[in-house]
Amino acid sequence: MKRFTAFVALVLLAAATAVSCSKDKDAGKLAFDRPAVFLQPGGTATVGFSSTDIKSYSISSKPVGWDDAIVLDEGAMSVRITAPTVFEDDARADEGTEEEEKAERSGTLTLAGTSFGGKRVTATLFVSVSKTVDMSDRPANSYLVNGRECNYTFDAMHKGDGQSALATASVDIVWQSKTNLIQYLSLDDGKVSFYVGADEDEDDRIDEGNALIGAYDADGTLIWSWHVWAADYDPDPDADGGSVVVFNGYTMMNRNLGALANGNETTDEILASYGLYYQWGRKDPFIGPSTYRADNGSSASMYNAKSGTVKLESVESDAETGTADYAVQHPLEYITGTADSDYDWAWSHDGALWGESKTVNDPCPYGWRVAPSEAFEGLTISGTPAAADYDKFGWTLTDGTSQSFFVGAGRRRYDNGTILNIYNPVPAEAQSRNTATEAQPWEGLYWTSDAGSGAQSPAFYFWFEKKTSGGSVEYDVPYARANGMQVRCVRGK
């Protein structure tokens, strides 16, 4: 009886396997070799595709005006694409061009296939006539991009110093501050390639936000990552809209690294002026708060490439986790300080991770580095602090000649990584607008590139005191390196 039962089970398993294989064969598979192709007007490109159990192919849809621009070669399993030269938004399109000849600049090409089982499957390819900006000659750990509807590329085979080699086999989004900020990400000929679109409400501006793109080896291990800062901002003083300030001989960006604004006229502007937080010596950023007051310590939302939610974790520093290599491989882990680590995230304190010269761990874009404490020396509050400054969350600071707004973004705590921008916090019942038993409500903290000594490095520090309606500024205050603070970048010297 047991043998008969086993025989029946074997027959049923074989039948189930046959049905499964039959279903797979009926369905078929079809995919392009890359997610997108970017062309100049009149330019051409050939994109391959792969398939399983497909007997016939066809182009089922394409952007308006690209009708004669796409040629399917079934034998070579490729599609040849030629970009149009006259477009809907082109001034030349109004000069005697027939309406039907005007083309869309971007759109989706759909390749359809019919399986041997009669099923229809499709693959899509984004095609676009858009500018490609190659940043490979400007290696860094952070790339500031400010052009809307552009394709951006940079070297994926070297670290941010442009010299140390990487065995990059694939790339992916570690986190992004909004869904679909980074689009059509791929690894092409040793370069990271991605696309950033236009703002939904203001289509003449770039879609703003921050993201971290990771490089992975053949085993799927994260080996490096790069920050992408998408902002309608250009710190080049020679460019239109260039915006910098000069303090103590240092040319400084007039906003925090990763910030999308720099002001406090509205609560939205305050929140946008928060940059990203950095532990001293680490190259990878941590996202800002979910609300401008940051009173609950929670982070803003982060997303992966599939629009799923990404979470920040914390881990205590020890001999394994408190190393630069571990930090590189775990950019979503805030390494907290402990008494045993002297409240440094790095177990063996390393004062060379940042410095007077740009290091491999420096988080600023090409040509910029973390500001030294000297850059902040002598800055004072513009005007006189008053009770109305309670909700301003920052000061305009000046050296007597130049000035810049600095947001009171506080810090990520050294012991748990939560965001705190309340100076000398007190129990909730004492934190009312009418009761000021302690100094409150906000402070600003900015890391400097100075190493300091032991487990501490100097920070630029300012605050507002509710109790006295006063405030002050200090430019060289030692803090434990496990704290996460804002960063201002200065031009390299």
Is there a donor-acceptor contact under 3.5 Å from the side chain of [X] to the main chain of [Y]?
X	Y	value
Ser290	Ala300	no
Ser193	Ser186	no
Glu104	Val64	yes
Tyr446	Asn256	no
Trp345	Trp280	yes
Asp161	Gln163	yes
Arg411	Arg413	no
Thr359	Asp362	yes
Asn141	Val360	yes
Lys358	Trp368	yes

Task: Name of the residue among Thr336, Thr418, Ile287, Leu420 meeting side-chain contact (heavy atoms from CB on, under 4.5 Å) with Arg412 - done: Ile287
Open item on the list: Applying the side-chain contact (heavy atoms from CB on, under 4.5 Å) criterion to Ile223, which one of Val328, Leu166, Asp325 satisfies it?
Closed with: Leu166
For [X] and [Y], does a side-chain donor sit closer than 3.5 Å to a side-chain acceptor?
X	Y	result
Thr132	Asn151	yes
Ser136	Asp134	yes
Thr122	Thr110	no
Asp450	Trp354	no

Under 6.0 Å between the ring centres of [X] and [Y]?
X	Y	answer
Tyr274	Tyr292	no
Tyr277	Phe286	no
Phe154	Tyr143	yes

TODO: Kindly determine whether Tyr278 and Gln486 satisfy side chain to side chain donor-acceptor pair (under 3.5 Å), including the steps that lead there.
DONE: CA-CA 6 Å; Tyr278 293 83; Gln486 302 284 298; over 6 Å; no
If you round to the nearest 0.5 Å, how far is [atom2] of [Y] from [atom1] of [X]?
X	Y	atom1	atom2	value
Leu185	Gln176	CG	CD	9.5 Å
Tyr303	Thr309	OH	OG1	6.0 Å
Ser128	Leu39	OG	CG	8.0 Å
Ser142	Leu144	OG	CG	7.0 Å
Ser243	Asn262	OG	CG	8.0 Å
Glu149	Gln183	CD	CD	10.0 Å

- [ ] Could you label the plane-to-plane angle of the Trp229 and Tyr233 rings as parallel, tilted or perpendicular, counting under 30° as parallel and over 60° as perpendicular?
- [x] tilted
Open item on the list: Once you measure the plane-to-plane angle for Tyr343 and Tyr414, does it fall in the parallel (<30°), tilted (30-60°) or perpendicular (>60°) bin?
Closed with: perpendicular
Task: Charged tip of Lys159 within 45° of Trp226 ring normal and under 6.0 Å - done: no
- [ ] Establish, yes or no, whether the cationic atom of Arg488 lies under 6.0 Å from the six-membered ring centre of Phe406 and within 45° of the ring axis.
- [x] yes
Could you tell me whether the side chain of [Y] reaches within less than 4.5 Å of the side chain of [X], counting heavy atoms only?
X	Y	answer
Leu181	Asp207	yes
Leu353	Arg282	no
Tyr479	Gln456	no
Ile213	Val192	yes
Asp73	Val79	no
Asn483	Trp447	yes
Leu30	Thr52	no
Thr124	Leu109	no

Open item on the list: Using ring-ring contact (aromatic ring centres under 6.0 Å, His included), reason through Phe38 and Tyr195 one step at a time and then give a plain yes or no.
Closed with: CA-CA 9 Å; Phe38 302 97; Tyr195 177 86; 5.6 Å; yes
Heavy-atom count check: over 12 atoms from other residues, nucleotides or ligands less than 6.0 Å from [X] [atom1]?
X	atom1	answer
Phe126	CZ	yes
Asp189	CG	no
Arg80	CZ	no

Task: Step-by-step side-chain contact (heavy atoms from CB on, under 4.5 Å) determination, Tyr216 to Thr168 - done: CA-CA 5 Å; Tyr216 299 81; Thr168 304; over 6 Å; no
At their closest point, which heavy atom of [X] faces which heavy atom of [Y], and how far apart are they?
X	Y	value
Gln40	Val129	C-CG1, 4.1 Å
Tyr250	Arg369	CE2-NH2, 3.9 Å
Ala231	Leu260	CB-CD2, 4.1 Å
His227	Leu257	CE1-CD1, 4.4 Å
Met252	Ala371	CE-CB, 4.3 Å
Asn180	Ser307	OD1-OG, 4.5 Å

Task: Worked verdict on Ser225 versus Lys283 for side chain to side chain donor-acceptor pair (under 3.5 Å) - done: CA-CA 9 Å; Ser225 52; Lys283 69 181 182 64; 3.2 Å; yes
Open item on the list: Salt bridge or not between Asp344 and Arg481? Use side-chain N to carboxylate O under 4.0 Å.
Closed with: yes
Open item on the list: Applying side-chain contact (heavy atoms from CB on, under 4.5 Å) to Asn254 and Val244, what does each step give before you reach the verdict?
Closed with: CA-CA 5 Å; Asn254 79 338; Val244 296; 5.8 Å; no
- [ ] Check the pair Val47, Ile81 against side-chain contact (heavy atoms from CB on, under 4.5 Å), reporting the backbone distance first and the verdict last.
- [x] CA-CA 8 Å; Val47 181; Ile81 304 159; 4.3 Å; yes
